[in-house]
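Below, read A as the first sequence line, B as the second, and so on, with proteins coming before strands; counting in each chain starts at 1. Basis for what follows: all heavy atoms, side chains included, without hydrogens, waters or symmetry-related copies.
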2 protein chains.
Amino acid sequence: MNKKISTDPHLDFERPLVTVDVVIFSVIDDKLAVLLVRRPDDEREPFPGRWALPGGFVDVNQDRSLQDCAARKLREKTGVKAPYLEQLASWGDSGRDPRGWSVTSAYFALITLPVGQAEVPIAGAPESQWVEVEEARRKRLAFDHSQILAAAVARLRSKVEYTSLPAFLLTEPFTLPQLQQTYEVVLGREVDKSAFRKRMLDAAFLEEVGVVDGVFGRAATGYRIRDRDRAVTFPRMFKSGE
Amino acid sequence: MNKKISTDPHLDFERPLVTVDVVIFSVIDDKLAVLLVRRPDDEREPFPGRWALPGGFVDVNQDRSLQDCAARKLREKTGVKAPYLEQLASWGDSGRDPRGWSVTSAYFALITLPVGQAEVPIAGAPESQWVEVEEARRKRLAFDHSQILAAAVARLRSKVEYTSLPAFLLTEPFTLPQLQQTYEVVLGREVDKSAFRKRMLDAAFLEEVGVVDGVFGRAATGYRIRDRDRAVTFPRMFKSGE
DNA sequence: ATAATAGTGTCTCTCAGACACTATTAA
DNA sequence: TTAATAGTGTCTGAGAGACACTATTAT
């Protein structure tokens, strides 16, 4: 394509670089964590050795769409195939990548980790690590990834106030107390049990699926998400006005 | 750049086309309207003669960022310099543009029209027209612009339920009854005057700026937006649940 | 029985909506 | 005074939070 002579002068414009980055969230040890990868140490690469969000160039021969590209990156880094994956926003300017004018479409994903996978590096992949969100935000990430991470965290925290998003961070079947715990982890504060349960059950996005035994005490009802393709929106915020 | 030999094999990848499209809303004759432009009749261009959203290629030598590019398109089409301009989302896949894999970052803008400008075409510009939103949605627009328009309308209607966005559709100073009328136009339903006024004044995003006389009846307090850089979010939806 | 956890009932407070009321202006 | 519009007060209902209560399980 670069060599093709077009009849349309626009097509001979210099084209920006196009990448996709994915902010992959999970809950590990009751902490919200995000997956970071290390940039290669090659000095010819931008930001060598720095931590970055997983992502990279769109491959026009492999990716049918931006969403496909994001799903591919996620699969390559984590093996997860059916996550919650939502477009966050795009950033594009002349300065964010030293190689030239570049645009990135950022996505954020919510996934559950098979037990023990947190420490297992994926064979052949560049070094990657789950980092607790507050720690990740203190790092100076490559490119404008600190800004993208901040936007993703803000969007997640904001949506958690009025949507069922945290359910996508749990392995099914899960219980309402587990779900409440996940909300509390993401929100960073406690919520009232009674109000919480009313809210979740009234929203009718869960379906019962047997009983889950805990280690102690009374067994709890197990639930799974009715429709994994969309999160539900509650009629009010958790704390109105704040 | 197309001819440059890079040390990084990634940079020799085929690059997608990058465009920006802007969904420009205004209220004309108490109807929500959107600006459409006609594609050139040149048969070598995609979708010749079809209506489309204003937009086009990012010019890496002129635009410092995607937002700048969107602001430039808006200025070129309407002359408006300081609108409300928000990124909507990006669409990118192999099929949306017959010229190749392309990505568009779509923005939506809320502007006020100087009286009478609705009919005045901008000199030298391609044919453009304000079209009432429901009519625009019935047209088969170029590219995937019908889908983008639908997303923009959905986002606007949704945000109107809990933000001060409609204030950006009015020329300052405006009155609370005018603002209420604008909310009703965008929402497509009536809202209660008392509740509406409480909501707006409690949110404290307006400041009084004298008195505005109407044609009949009692004069009304004039207001302007305190901070034009952001819309405020109300603690609740207009109609909870629905 | 006790500890631990799951799940429910009841009260209260806040706030949005309904709607009737008062206020100000021009003719 | 009347018509037209701006602006206010009061009641009610829905729903979230607080918190005490009951239920079920393992030891």
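- As rounded to whole Å, 9 Å separates atom C1' of dT22(D) from atom CZ of Arg218(A).
- Comparing dT8(C), dT10(D), dA6(D) by their closest approach to the side chain of Lys193(A) singles out dT8(C).
- Ranking dA6(C), dA16(C), dA16(D) by closeness to the Ala195(B) side chain, first place goes to dA16(C).
- Ring geometry for Tyr84(B) versus Phe108(B): interplanar angle of 30 to 60°, hence tilted.
- Distance CG (Leu201(A)) to P (dA16(D)): 12 Å, rounded to an integer number of Å.
- A straight line from CZ of Phe174(B) to C1' of dA6(D) spans 16 Å, rounded to a whole angstrom.
- For the pair Lys198(A) and Gly217(A), both in contact range of DNA chain C, the more 5′-proximal nearest nucleotide belongs to Gly217(A).
- Listed candidates were dA6(C), dG9(D), dT25(C). Nearest to the side chain of Pro177(A) is dA6(C).
- In this structure, Arg197(A) atom CZ and dC19(D) atom C1' are separated by 15 Å, rounded to whole Å.
- We find that CG of Leu176(B) is positioned 10 Å from P of dA6(D), with the value rounded to whole Å.
- dC15(C) atom P lies 17 Å from atom CG of Asp192(B), rounded to whole Å.
- Using a 30° and 60° split on the angle between ring planes, Tyr183(B) and Phe196(B) fall in the perpendicular class, above 60°.
- Position along DNA chain D of the nearest nucleotide to Thr175(B) versus Ser194(B) favours Thr175(B) as the more 5'-ward residue.
- Computed from coordinates, the Phe196(B) CZ to dA16(C) C1' distance equals 14 Å when rounded to whole Å.
- Going from atom CZ of Phe216(A) over to atom C1' of dT2(C) covers 13 Å, rounded to whole Å.
- At a threshold of 4.5 Å between non-hydrogen side-chain atoms, the residues Val186(A) and Leu169(A) count as touching.
- Not a single donor-acceptor pair under 3.5 Å links the side chain of Thr175(A) to the backbone N or O of Ala220(A).
- In this structure, Ile24(B) and Val34(B) have side chains that are not in contact, with every pair of non-hydrogen atoms separated by 4.5 Å or more.
- Close to dG7(D), at under 4.0 Å from its OP1 or OP2, lies a side-chain N or O of Thr221(B).
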